[in-house]
**Q** 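Submitted below is the structure of interest, expressed as structure tokens.
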Amino acid sequence: MERTDWRTRDLAVLWHPCTQMQDHHDGAPLVHVERGEGAWLVAEGGRRILDAVSSWWTNLFGHAEPRIASAIARQAITLEQVILAGFGHAPAIELAERLVAAAPPGLSRVFYADNGSSAVEVALKMSFHAHRNRGDPHRDRFVALENGYHGETLGALGVTDIPLYRRTYAPLMMSPRFVPSPDAFLCEPGETAAHRAERAADALAALFAREGEQISALIVEPLVQCAGGMRMHHPGYLRRARQLCDRHGVHLVADEIAVGFGRTGSLFACEQAGISPDLMCLSKGITGGFMPLSAVLATQGIYEAFLDASRERAFLHSHSYSGNPIACAAALRSLAIFEEDDVIARNRVRASAMASHAARFLGHPNVADVRQCGMILAIELAADGPGRRPFPPAERRGQRAYLHALDRGVLLRPLGDVLYWMPPYCIDDAALELLADVTASAIEAAVR
Ligand SMILES: *Cc1c(COP(=O)(O)O)cnc(C)c1O
């Protein structure tokens with residue numbers, strides 16, 4: 001075997017995530033990436049591919065961003081890893097200070113884990129345990145939104161409502177209450193997004209009225225249900241949810257793992273509703289897309305529910321790499337870039353450029369919706385666009401778009417038949433124009 005035959009070597013040993021490996025054994029493309037450069041991936045043979053999905057929504061300022069890369073290098077030769085029980089270090093402390101200062105008011109404590117699903121596990125366990133420590137052990141039920149996604153570990157998958165990921169493992173899952181999503185795509189004819197949000201909140205109110213005393217927490221993805229197809233909702237829902245949680249003593253968990261760090265136009269999505277959750281999960285973009293890290297921010301009240309002489313009342317959850325210094329250093333450098341480069345303001349300009357480029361898809365007979373929230377723009381394909389009649393899923397139209405775009409140097413990875421742009425914030429006008437052109441031809445290839 002030729003040592004540079006990467007495809008053969010890859011298929012001999014790797015098991016790729018979220019992938020039917022048989023597709024690759026049958027010849028589906030497998031891109032061997034050699035390096036990254038801004039919004040671009042450089043593959044074998046120097047082939048350049050525009051990363052329109054920020055490598056699974058992690059990358060913020062471009063691949064191999066030099067300021068974050070050197071912060072990591074400096075930290076690695078200073079302190080690479082240390083136990084975080086009984087020990088602390090500057091990157092973990094400074095990052096926690098910065099996160100608390102930047103987060104919605106009221107969140108004052110930071111608990112570290114190392115990936116998004118683990119952060120969701122932490123938030124759910126913390127909520128249940130805080131109620132229990134407060135003398136309320138009967139709150140053992142979670143509420144989640146239909147079509148929501150919170151990760152793939154058993155607990156996080158348990159509050160996920162995407163059948164493709166959940167169905168197989170259903171016998172292993174806890175049984176949360178799923179409530180209607182405020183998803184504006186589901187508006188009845190003539191209904192506004194704000195009405196839809198009110199109607200979904202009414203259903204939540206009805207559930208809380210029946211079972212409020214047994215509910216530990218409501219978990220939501222604020223503003224955008226990303227894995228559920230970039231479905232977006234009116235912030236009014238979050239305000240009503242906040243009021244209802246307060247009235248019934250239920251914790252509100254904001255899963256900002258995908259929407260945090262500027263994706264929706266504000267640093268955190270909750271800001272646009274003017275609310276503070278009781279627990280907030282962060283990951284993905286937290287390190288600028290360089291290192292695995294997650295954080296759960298909690299209120300002082302939740303934190304204090306665990307303070308006691310007894311060990312059992314403590315939160316005994318841990319991960320070996322909790323608060324890894326290199327990951328924290330990357331996250332600190334990434335947060336500094338938000339200020340240095342005035343990222344939120346610049347993203348406003350980027351987002352409006354994305355909107356102008358996407359205007360061409362409005363009115364296409366196979367486009368049911370073009371929607372945008374800040375730096376996330378989604379185009380939903382349908383057999384009948386105006387009638388919103390979907391294609392049969394077995395036709396895998398989105399997959400056709402993916403293959404077509406990849407051939408033309410763009411990484412578009414649709415969610416079902418929803419094509420979306422969620423690029424690194426550094427994407428320039430030329431790259432955006434290429435993205436729009438390739439998306440247009442990918443749509444034609446998919447609907448043909
Ligand atoms: C990606 C994601 C997760 C899971 O994060 P991982 O790091 O992939 O485990 C949880 N919630 C939301 C909203 C996500 O988008």
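Owing to the predicted nature of the structure, the values given are computational and were not obtained by experimental measurement. These values consider heavy atoms only, across backbone and side chains, with no hydrogens, waters or symmetry-generated copies. Read the numbers this way: they start at 1 and go in the same order the structure lists the ligands and their atoms.
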**Q** What atoms in ligand 1 come closer than 4.0 Å to a heavy atom of G151?
**A**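 Per the distance check, 4 (C), 10 (C).
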**Q** Could you check whether H251 and H131, counting side-chain N and O atoms only, form a donor-acceptor pair closer than 3.5 Å?
**A**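 Their side chains do contain a donor-acceptor pair, which is all the 3.5 Å distance test asks for.
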**Q** Do E152 and S117 pair up side chain to side chain, a donor and an acceptor below 3.5 Å, judged on atom types alone?
**A**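 S117 and E152 do not have a side-chain donor-acceptor pair below 3.5 Å.
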**Q** Mind checking whether E152 contacts ligand 1 via backbone (N, CA, C, O), side chain (CB onward), both or neither, at a 4.0 Å heavy-atom cut-off?
**A**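 No part of E152 comes within reach of ligand 1.
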**Q** For Y425, does the six-membered ring have the charged nitrogen or CZ of R346 within the cation-pi criterion, i.e. under 6.0 angstrom from the centroid and within 45° of the normal?
**A**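 Checked: cation-pi criterion not met.
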**Q** On the 0 to 90° scale, with breaks at 30° and 60°, tag the F315-H317 ring pair as parallel, tilted or perpendicular.
**A**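 If you compare the ring of F315 with that of H317, the planes turn out parallel.
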**Q** Just heavy atoms, cut-off under 4.0 Å: does C226 contact ligand 1 by side chain, backbone, both, or neither?
**A**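 Neither part.
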**Q** Quick one: do D10 and R7 satisfy salt bridge (Lys or Arg N to Asp or Glu O under 4.0 Å)? Show the steps, please.
**A** CA-CA 5 Å; D10 184 316; R7 184 185 170 91; over 6 Å; no
**Q** Is the F61 ring parallel, tilted or perpendicular to the F338 ring (thresholds 30°, 60°)?
**A**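 Plane angle over 60°, so perpendicular.
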**Q** Please report the interatomic distance CG(L204) to CD1(I215), rounded to the nearest 0.5 Å.
**A**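 The CG atom of L204 sits 7.5 Å away from the CD1 atom of I215.
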**Q** Can you check whether W57 has an N/O within less than 3.5 Å of an N/O in ligand 1?
**A**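 Such a contact does not occur with ligand 1.
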**Q** Please could you name the atoms of ligand 1 that G116 approaches to less than 4.0 Å, counting only its heavy atoms?
**A**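 Selected atoms, number and element: 4 (C), 5 (O), 6 (P), 7 (O), 9 (O).
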**Q** Is it the case that ligand 1 has an N or O less than 3.5 angstrom from some N or O of S283?
**A**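 The answer is no, given that S283 and ligand 1 share no N or O pair closer than 3.5 Å.
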**Q** Looking only at protein heavy atoms, which one is nearest to atom 9 (O) of ligand 1, and what is the separation?
**A**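 Checked against all protein heavy atoms, atom 9 (O) of ligand 1 sits closest to S117 OG, 2.6 Å.
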**Q** At a 4.0 Å threshold, what atoms of ligand 1 neighbour a non-hydrogen atom of A258?
**A**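 So the atoms of ligand 1 that pass are 15 (O).
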**Q** Does the protein put a heavy atom less than 4.0 Å from atom 5 (O) of ligand 1?
**A**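 At least one protein heavy atom is under 4.0 Å away.
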**Q** Would the distance check show the side chain of E256 and the main-chain N or O of C270 forming a donor-acceptor pair, the cut-off being under 3.5 Å?
**A**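 Between the backbone of C270 and the side chain of E256 there is a qualifying donor-acceptor contact (under 3.5 Å).
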**Q** What atoms in ligand 1 come closer than 4.0 Å to a heavy atom of D255?
**A**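 Matching atoms, with element in brackets: 10 (C), 11 (N), 12 (C), 13 (C).
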**Q** Counting only heavy atoms, tell me which of H150, Q225, K284 gets closest to atom 2 (C) of ligand 1.
**A**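 Looking at heavy atoms only, the winner is K284.
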